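Here the structure is laid out as structure tokens; the discussion comes afterwards.
Just so we're on the same page: letters track the sequence lines, and every chain starts at 1. Keep in mind that this is a model prediction, so the values were computed, not measured.
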Protein chains: 2
Amino acid sequence: MTTQCTQCQARNSPLCSVFTDTEIAALFNLAHVRRIEAGAYLLHEEDPVRQVYNISSGALALERLASNGAKQIMAFCYAGDFIGISSGPSYSVSARALKSLTACQWQETDLQSLYKQYPKLETRVHEITARVVEAIMDQLFVLGSKKSVEKIAWFLLFIETKQARIDGASKSFNMPMTRVDIADYLGLTVETVSRAFTQLRINKLISITDKWTITVEDRKALTALGGYATPALGRKG
Amino acid sequence: MTTQCTQCQARNSPLCSVFTDTEIAALFNLAHVRRIEAGAYLLHEEDPVRQVYNISSGALALERLASNGAKQIMAFCYAGDFIGISSGPSYSVSARALKSLTACQWQETDLQSLYKQYPKLETRVHEITARVVEAIMDQLFVLGSKKSVEKIAWFLLFIETKQARIDGASKSFNMPMTRVDIADYLGLTVETVSRAFTQLRINKLISITDKWTITVEDRKALTALGGYATPALGRKG
DNA sequence: CGCCTACTTGAGTCGAGTCAAGAACCGTGG
DNA sequence: CCACGGTTCTTGACTCGACTCAAGTAGGCG
């Protein structure tokens with residue numbers, strides 16, 4: 001199908017958007033489409049780096065496991081996110097699907113030769129990596145300085161923004177991750193996450209339809225709490 | 001002076017090591033050498049990105065300030081570290097010198113044209129950025145899952161490794177940062193950091209000569225605590 | 001010598017973790 | 001359709017570790 005990419009949710013993603021329709025068809029010919037069930041792993045942290053991926057649909061969590069059982073989630077990724085780049089011999093995170101997922105898979109060696117053919121690709125991948133640094137620094141900032149309710153407030157606004165990029169802006173939004181995932185992302189326990197949700201609900205900052213559908217009722221208060229877009233400087237909102 | 005670079009502490013850094021002596025002389029001609037006093041800022045987070053830097057000597061902290069006064073240190077950088085790459089219009093961190101510092105400064109526009117002249121440079125900068133991601137993820141993991149004493153144990157082993165790359169391996173090592181800096185790096189308070197140091201000293205895992213000179217006395221126990229190799233010893237027994 | 005800053009130590013409080021129980025939700029199979 | 005078991009989420013009671021406030025010590029520098 002030559003129309004594969006034109007209909008893809010990731011067509012306007014940072015990676016794919018640099019290519020013309022002709023170019024991306026060639027790129028797609030090199031790709032293998034991977035489908036993963038919810039809960040399954042696309043890749044493991046100890047795997048040798050041989051493939052890279054661009055997510056077409058679904059969502060996943062990048063996580064790292066400690067030997068004592070502790071888990072830290074490094075990022076939640078959506079359609080259009082590019083993963084698999086690493087500086088070492090192995091990915092240093094595992095990628096677990098939150099919802100059933102499809103992704104374009106390229107051989108890492110193919111990516112290297114594509115760099116030669118399309119120099120703008122290497123530049124773009126470079127930009128993507130730099131953006132990852134920003135995102136992860138935001139997370140670091142939140143983990144280091146905020147209290148539990150503030151963390152949740154920040155998290156909700158953060159996910160709402162990500163989700164809006166997929167579904168479009170709307171009054172309420174849907175989260176693909178469980179309370180445990182949220183806890184592992186923010187360095188909290190499930191109980192604390194649950195209590196923070198309850199507190200925000202009782203104080204009428206948000207309302208919760210089913211467990212994964214959130215409506216922001218008092219954006220001003222929530223923003224004040226979460227300090228979203230308030231890390232002192234004027235970065236784009 | 002054609003011998004400038006050959007004597008530089010950063011000659012074998014990730015950035016400079018890809019170049020021959022002839023090439024690096026040309027690179028150095030484009031550079032401006034910046035000198036910064038301890039406590040002064042090399043760049044501010046809100047500055048537009050116009051220059052990039054490779055540290056020749058000294059040490060600095062990359063930090064972000066919140067409007068409420070909270071501060072999060074994102075990284076400690078030493079000779080050989082390359083900084084200034086950003087995905088946005090502004091650096092998203094400030095760089096404060098911990099000890100008097102010298103760094104090679106290039107115009108960001110010059111870097112772009114150097115990419116064309118030396119494709120291996122762009123690849124290397126890309127690798128450096130990817131390594132930054134790994135480092136920040138390590139920090140994220142520590143912030144999210146460890147207790148204060150474990151954080152300090154991890155931190156000491158971490159800094160020892162970094163310091164050894166500059167001074168060479170040795171029984172004891174020197175830290176350029178204050179207790180407040182350590183607290184801001186690990187998401188703790190000064191008092192908690194101080195108590196953790198005391199606890200490690202009393203339990204004879206480390207000894208402290210002057211406030212910034214640390215000797216590791218019981219590496220096995222410290223490693224077990226910090227989780228550099230083995231899981232943290234559980235206090236939940 | 002005295003001032004200033006950084007660090008240490010102590011006492012008390014509070015927030016988040018732990019342990020435990022119960023409620024809501026889900027898929028499965030009768 | 002409902003009963004059932006497993007999972008996820010919520011809520012409660014309690015504990016403990018890190019923060020806060022406050023005082024005191026050690027160096028560095030005039």
Side-chain angles (χ1 to χ4, degrees), chain A residues 37-39 61 68-72 96 98-100 142-153 155-156 174-203 206-214 225, chain B residues 37-39 61 68-72 96 98-100 142-153 155-156 174-203 206-214 225 232-237:
Chain A
E37 294 303 301
N68 62 357
K71 184 166 65 175
Q72 176 65 45
R96 174 172 50 88
L98 299 171
K99 321 164 58 168
S100 66
V142 171
L143 255 79
S145 57
K146 288 188 186 299
K147 306 215 172 300
S148 64
V149 188
E150 297 170 343
K151 285 182 180 180
I152 295 293
F155 176 78
L156 289 174
N174 204 278
M175 306 185 299
M177 68 289 290
T178 67
R179 300 286 190 269
V180 179
D181 290 333
I182 299 172
D184 289 338
Y185 181 74
L186 296 172
L188 299 169
T189 59
V190 209
E191 294 94 329
T192 303
V193 170
S194 186
R195 277 185 247 271
F197 270 101
T198 303
Q199 192 179 325
L200 291 175
R201 185 168 43 76
I202 288 177
N203 294 342
I206 61 169
S207 59
I208 306 176
T209 324
D210 73 59
K211 273 158 192 164
W212 301 280
T213 307
I214 307 288
L225 245 187
Chain B
E37 294 303 302
N68 61 359
K71 183 166 65 173
Q72 176 66 45
R96 173 172 51 88
L98 300 171
K99 319 162 59 167
S100 66
V142 171
L143 255 79
S145 58
K146 289 186 187 299
K147 305 213 174 300
S148 64
V149 187
E150 299 169 343
K151 286 181 179 179
I152 295 293
F155 175 78
L156 289 173
N174 204 278
M175 305 185 300
M177 69 288 290
T178 67
R179 300 286 189 268
V180 178
D181 290 333
I182 298 172
D184 289 339
Y185 181 73
L186 296 171
L188 299 170
T189 58
V190 210
E191 295 92 329
T192 303
V193 170
S194 186
R195 278 185 247 271
F197 269 102
T198 304
Q199 192 178 323
L200 291 174
R201 186 167 43 76
I202 288 177
N203 295 341
I206 60 169
S207 60
I208 306 175
T209 323
D210 72 60
K211 274 158 193 164
W212 301 278
T213 306
I214 307 288
L225 247 187
L233 39 97
R235 65 185 51 228
K236 57 192 311 190

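Proximity of B:Thr192 to the phosphate of D:dC19: a side-chain N or O atom is located under 4.0 Å from OP1 or OP2. Dashed line: the shortest gap from a side-chain N or O of A:Thr189 to OP1 or OP2 of C:dA16 is not under 4.0 Å.
Put simply, CZ on A:Phe197 is 12 Å from P on D:dT11, counting in whole angstrom units. The NZ-C1' distance, from B:Lys151 to D:dG17, rounds to 11 Å in whole Å. B:Ile152 places its CD1 atom 16 Å from the P atom of D:dG17, with the value rounded to the nearest Å. Across the protein-nucleic acid pair, B:Glu150 atom CD and C:dG17 atom P stand 14 Å apart, rounded to whole Å. The distance from atom CD of B:Gln199 to atom P of C:dC7 is 19 Å, rounded to the nearest whole Å. A:Ile208 has its CD1 atom 10 Å from the C1' atom of D:dC9, to the nearest Å. Taking atom CG of A:Leu98 as the reference point, atom C1' of D:dT8 lies 15 Å away to the nearest angstrom. One interatomic measurement links the two molecules: CH2 of B:Trp212 to P of C:dT5, which rounds to 14 Å at whole-angstrom precision.
A:Thr192 meets the side-chain hydrogen bond (donor to acceptor under 3.5 Å, both in side chains) test with A:Thr189; sequence neighbours excluded. Partners of B:Arg96 under the salt bridge (charged side-chain N to carboxylate O under 4.0 Å, His left out) rule, at least two apart in sequence or in another chain, are B:Glu63, B:Asp181.
To the nearest 0.5 Å, atoms OG (B:Ser207) and CD1 (B:Ile202) are separated by 13.5 Å. Atom CD1 of B:Ile206 is separated from atom CZ of B:Phe197 by 6.0 Å, given to the nearest 0.5 angstrom.
Residue B:Ser194 has its side chain nearest to C:dT8 when only D:dC9, C:dT8, D:dA18 are considered. The side chain of B:Thr198 lies closest to C:dT9 when the candidates are C:dT9, D:dT20, C:dG17. Here D:dT11 is the nucleotide among D:dT11, C:dG17, C:dT8 with the atom lying nearest to any side-chain atom of A:Arg201.
Backbone-only contact: A:Ser148 has heavy atoms under 4.0 Å from sugar-phosphate atoms and none from a base.
Along DNA chain D, the nucleotide nearest A:Lys147 and the nucleotide nearest B:Lys211 are compared for position; the residue whose nucleotide lies closer to the 5' end is A:Lys147. Summary of the strand contacts: A:Lys146 and A:Glu191 both lie near DNA chain C, and taking for each the nucleotide with the nearest heavy atom, the more 5' one is attributed to A:Lys146.
A donor and an acceptor atom sit less than 3.5 Å apart, one in the side chain of A:Arg195 and one in the base of D:dG12.
Of the residues in residues 177-188 of chain B, those placing a heavy atom less than 4.0 Å from an atom of DNA chain D are B:Gly187, B:Leu188, in numerical order.
Residue B:Phe155 comes nearest to B:Met177 through the heavy atom pair CZ-SD, 3.9 Å, listed as atom of the first residue, atom of the second, then distance.
Sorted by first and then second residue, the pairs that involve residues 182-203 of chain B and meet salt bridge (Lys or Arg N to Asp or Glu O under 4.0 Å), not counting sequence neighbours, are B:Lys71-B:Asp184.
B:Ile152 places a side-chain heavy atom less than 4.5 Å from the side chain of B:Ile182. Two residues are said to be in side-chain contact when any heavy atoms from C-beta on lie closer than 4.5 Å; B:Leu200 and B:Leu156 meet this criterion.
Across the helix from C:dC1-D:dG30 to C:dG30-D:dC1, the helix axis at one end is tilted relative to the axis at the other end by 30° (nearest 10 degrees, each axis from five pairs).
B:Lys99 places no side-chain N or O within donor-acceptor distance of the main-chain N or O of B:Ala38, the cut-off being under 3.5 Å.
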When the side chains of residues 143-150 of chain A are checked against the rest of the protein, which donor-acceptor pairs come out under 3.5 Å, sequence neighbours left out?
from	atom 1	to	atom 2	distance (Å)
A:Ser145	OG	A:Phe141	O	2.7
A:Lys146	NZ	A:Gly226	O	3.3
A:Glu150	OE1	A:Lys147	N	2.9

